[in-house]
Colleague: 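The structure is given below, and queries will be raised subsequently.
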Amino acid sequence: MEQSFRSVPVGTAVAPEGDGNRPLRVVQWATGNIGTRALRAVIDHPNLTLAGVYVHSDDKAGQEAGELCGRDPVGVRATRELDDILALDADCVLYMPLRFDLDEVCRILASGTHIVTTRGEFHHPRTMDPAIRTAVEEACALGRTSIHSTGSSPGFITEAVPLVLSSIQRRLDHLAIDEYADLSQRNSPGILFEIMGFGGPAGTFEEFRLAHVQSNFGPSLSALADALGLSLDSIEASGEVALARNPVTIAAGTLDAGTVAAQRITVSGMKDGRELMRFRPTWYCTGDLDADWDLHSTGWHISVDGDAPLDIEMRFPVPLDRMSEVSPSYTANRAVNAIPAVCAAQPGIRTTVELPLIVPEFS
């Protein structure tokens, strides 16, 4: 079935209050893999100033911000106290914790500080939990602030890139985004074997894992569909695994023949009884599988079926043994680059389509 869609202009940003020429004052919230890379980017940024750092562990509290990310001292020490952060009167918090805390988010926004986050709760306000959405929007109204979820995936590859590709379409029949990760050189046995289940027996795909991926990527697909005037009827998710044909040794250990060596989850945006959009991550430790999967190198493959069809390969030109070192930049950098646009936006939960094009500032 053909789907015609209307063009929707992006939202208009307004200039932030105060001196538009001064650097924006930014707080880095959490210093895990992504947060550490974001912290480094803020310190190096020509038009941002690091105002503070929030950490969760006692051993990081009090440490110099530059030392936390491999930079020279910058005169900022990390804290575990939310009140310390609120007292800074910063322009924006880069919110990157492992777990979402509604109370702290609302307090930050109500205090007058904007938030850019790599958490996925705010990609699509319409399908958010109504109580959470109301609380966040009330905090934004009180503080005259905005909040925006972004990153590489979801974000860049599920919203920014498809919006650009759709700009040359007048009919969209199907959009497929495939994400590939070759994990053969990732030396993280705890993650691969214990958390992800590689090397184990084939079985039913755990429901909690499907729900986690669906909750992260479903809102992003819904936001994309809404932007194109093709609102989805539902989001569905399914998972499958493939087994190693022969024993294989990877950086994290050994996979026996007949054990899980690849897995993928399909998140489908459904409209009128068929799949209109799809995001499908595929993680694999070897290409010697018992399933006929079309495996690509680590990166993304996008296909657009419409009146201007496209087939696009986006590979990460990084040696696999350096991927864990480089990959945090893909997520952190877009969040850092979004700070000026979010600080200039109208108060509320702002989506990709409501913000201007996110561009980096190099000087």
Side-chain angles (χ1 to χ4, degrees), residues 1-10 120 123-124 126-127 149-181 205 209-242 262-284 289 291-316 330 334 351-354 357:
M1 180 184 300
E2 298 180 355
Q3 293 286 351
S4 297
F5 55 93
R6 56 185 174 84
S7 299
V8 181
V10 297
H123 284 275
H124 192 231
R126 183 167 61 82
T127 52
S149 283
T150 191
S152 59
S153 178
F156 171 75
I157 198 61
T158 54
E159 296 168 18
V161 171
L163 284 171
V164 171
L165 299 182
S166 68
S167 67
I168 58 172
Q169 312 290 329
R170 280 311 310 157
R171 190 189 78 238
L172 180 66
D173 301 328
H174 189 256
L175 170 71
I177 305 165
D178 281 279
E179 182 173 283
Y180 296 93
F205 219 95
R209 294 177 62 199
L210 291 177
H212 174 73
V213 176
Q214 180 175 340
S215 66
N216 272 276
F217 291 93
S220 194
L221 292 182
S222 294
L224 173 61
D226 282 1
L228 300 177
L230 299 172
S231 297
L232 301 173
D233 299 326
S234 64
I235 299 289
E236 300 177 1
S238 60
E240 53 191 322
V241 300
Q263 51 189 293
R264 65 186 183 187
I265 295 176
T266 301
V267 181
S268 301
M270 307 298 293
K271 186 172 182 62
D272 298 330
R274 70 178 189 91
E275 182 184 85
L276 177 63
M277 297 179 176
R278 180 187 79 208
F279 176 78
R280 185 172 64 187
T282 299
W283 307 288
Y284 62 96
L289 304 172
D292 186 20
W293 290 1
D294 182 20
L295 298 179
H296 293 231
S297 300
T298 296
W300 295 300
H301 178 256
I302 310 159
S303 61
V304 182
D305 185 9
D307 59 349
L310 297 167
D311 189 275
I312 299 169
E313 193 84 18
M314 301 176 68
R315 297 181 178 178
F316 299 170
Y330 290 103
R334 183 168 173 83
T351 65
T352 296
V353 74
E354 295 172 310
L357 182 67

Colleague: For the residue pair Glu275 / Ser268, report whether a side-chain donor-acceptor contact shorter than 3.5 Å exists.
Modeller: yes
Colleague: Is a donor on one side and an acceptor on the other found under 3.5 Å between the side chain of Ser166 and the backbone of Pro162?
Modeller: yes
Colleague: How about Leu295 and Leu289: do any of their side-chain heavy atoms sit closer than 4.5 Å?
Modeller: yes
Colleague: Look at Arg264 together with Asp178 and state whether they make a salt bridge at an N to O cut-off of under 4.0 Å.
Modeller: no
Colleague: Do Trp283 and Tyr180 have ring centres separated by under 6.0 Å?
Modeller: no
Colleague: Side-chain contact test, heavy atoms from C-beta onward, threshold under 4.5 Å: evaluate it for Ser297 versus Glu313 and give yes or no.
Modeller: no
Colleague: Distance-only, no hydrogens or angles: does the Asp305 side chain make a donor-acceptor pair with backbone N or O of Asp173 under 3.5 Å?
Modeller: no
Colleague: Can Thr351 and Glu354 be counted as having a side-chain donor-acceptor contact under 3.5 angstrom?
Modeller: yes
Colleague: Dump the intermediate steps for side chain to side chain contact (heavy atoms under 4.5 Å, CB included) on Leu175 and Leu221, then the final yes or no.
Modeller: CA-CA 10 Å; Leu175 170 71; Leu221 292 182; 5.7 Å; no
Colleague: For the pair His296 and His301, name the ring-plane relationship: parallel under 30°, tilted 30 to 60°, perpendicular over 60°.
Modeller: tilted
Colleague: Which pair of heavy atoms, one from Tyr284 and one from Thr298, lies closest together, and at what distance?
Modeller: OH-N, 4.3 Å
Colleague: Please tell me if the side chains of Leu163 and Thr352 come closer than 4.5 Å, counting only heavy atoms from C-beta onward.
Modeller: yes
Colleague: Which atom names give the shortest non-hydrogen contact between Ser153 and Phe217, and what distance separates them?
Modeller: OG-CE2, 3.3 Å
Colleague: Step by step, would you call Ile302 with Leu165 a side chain to side chain contact (heavy atoms under 4.5 Å, CB included)?
Modeller: CA-CA 10 Å; Ile302 310 159; Leu165 299 182; 3.8 Å; yes
Colleague: I'd like to know if the side chain of Gln214 reaches the main chain of Ile235, judged simply by a donor and an acceptor atom lying under 3.5 Å from each other, with no hydrogens or angles considered.
Modeller: yes
Colleague: Please give me the minimum heavy-atom distance between Gly269 and Leu232, naming the atom from each residue.
Modeller: CA-CD1, 3.6 Å
Colleague: Write down the atom of Thr158, the atom of Phe279, and the distance for their closest heavy-atom approach.
Modeller: CG2-CD1, 3.8 Å
Colleague: Of all heavy-atom pairs between Met277 and Ala225, which one has the smallest distance, and what is that distance?
Modeller: CE-CA, 3.7 Å
Colleague: Does Lys271 use its side chain to pair, donor to acceptor, with the backbone of Leu230 at less than 3.5 Å?
Modeller: no
Colleague: Considering only NZ, NE, NH1 and NH2 on the basic side and carboxylate oxygens on the acidic side, decide whether Glu179 and Arg280 come within less than 4.0 Å.
Modeller: no
Colleague: Would you say the side-chain atoms of Asp311 pair up with the backbone N or O of Ser303, donor to acceptor, closer than 3.5 Å?
Modeller: no
Colleague: Which class fits the ring pair Phe156 and Trp300: parallel under 30°, tilted 30 to 60°, perpendicular over 60°?
Modeller: tilted
Colleague: Between Leu310 and Gln169, is any pair of side-chain heavy atoms under 4.5 Å apart?
Modeller: yes
Colleague: Does this structure show an ion pair linking Asp272 with Arg274, if we count only N-O contacts that are shorter than 4.0 Å?
Modeller: no
Colleague: Can you tell me how far OG1 of Thr266 sits from CZ of Arg278, rounded to the nearest 0.5 angstrom?
Modeller: 6.5 Å
Colleague: Give me the atom names and distance for the closest heavy-atom approach of Pro219 to His124.
Modeller: O-CB, 3.2 Å
Colleague: Would you compute the distance between atom CD1 of Ile177 and atom CD of Glu159 and round it to the nearest 0.5 angstrom?
Modeller: 9.5 Å
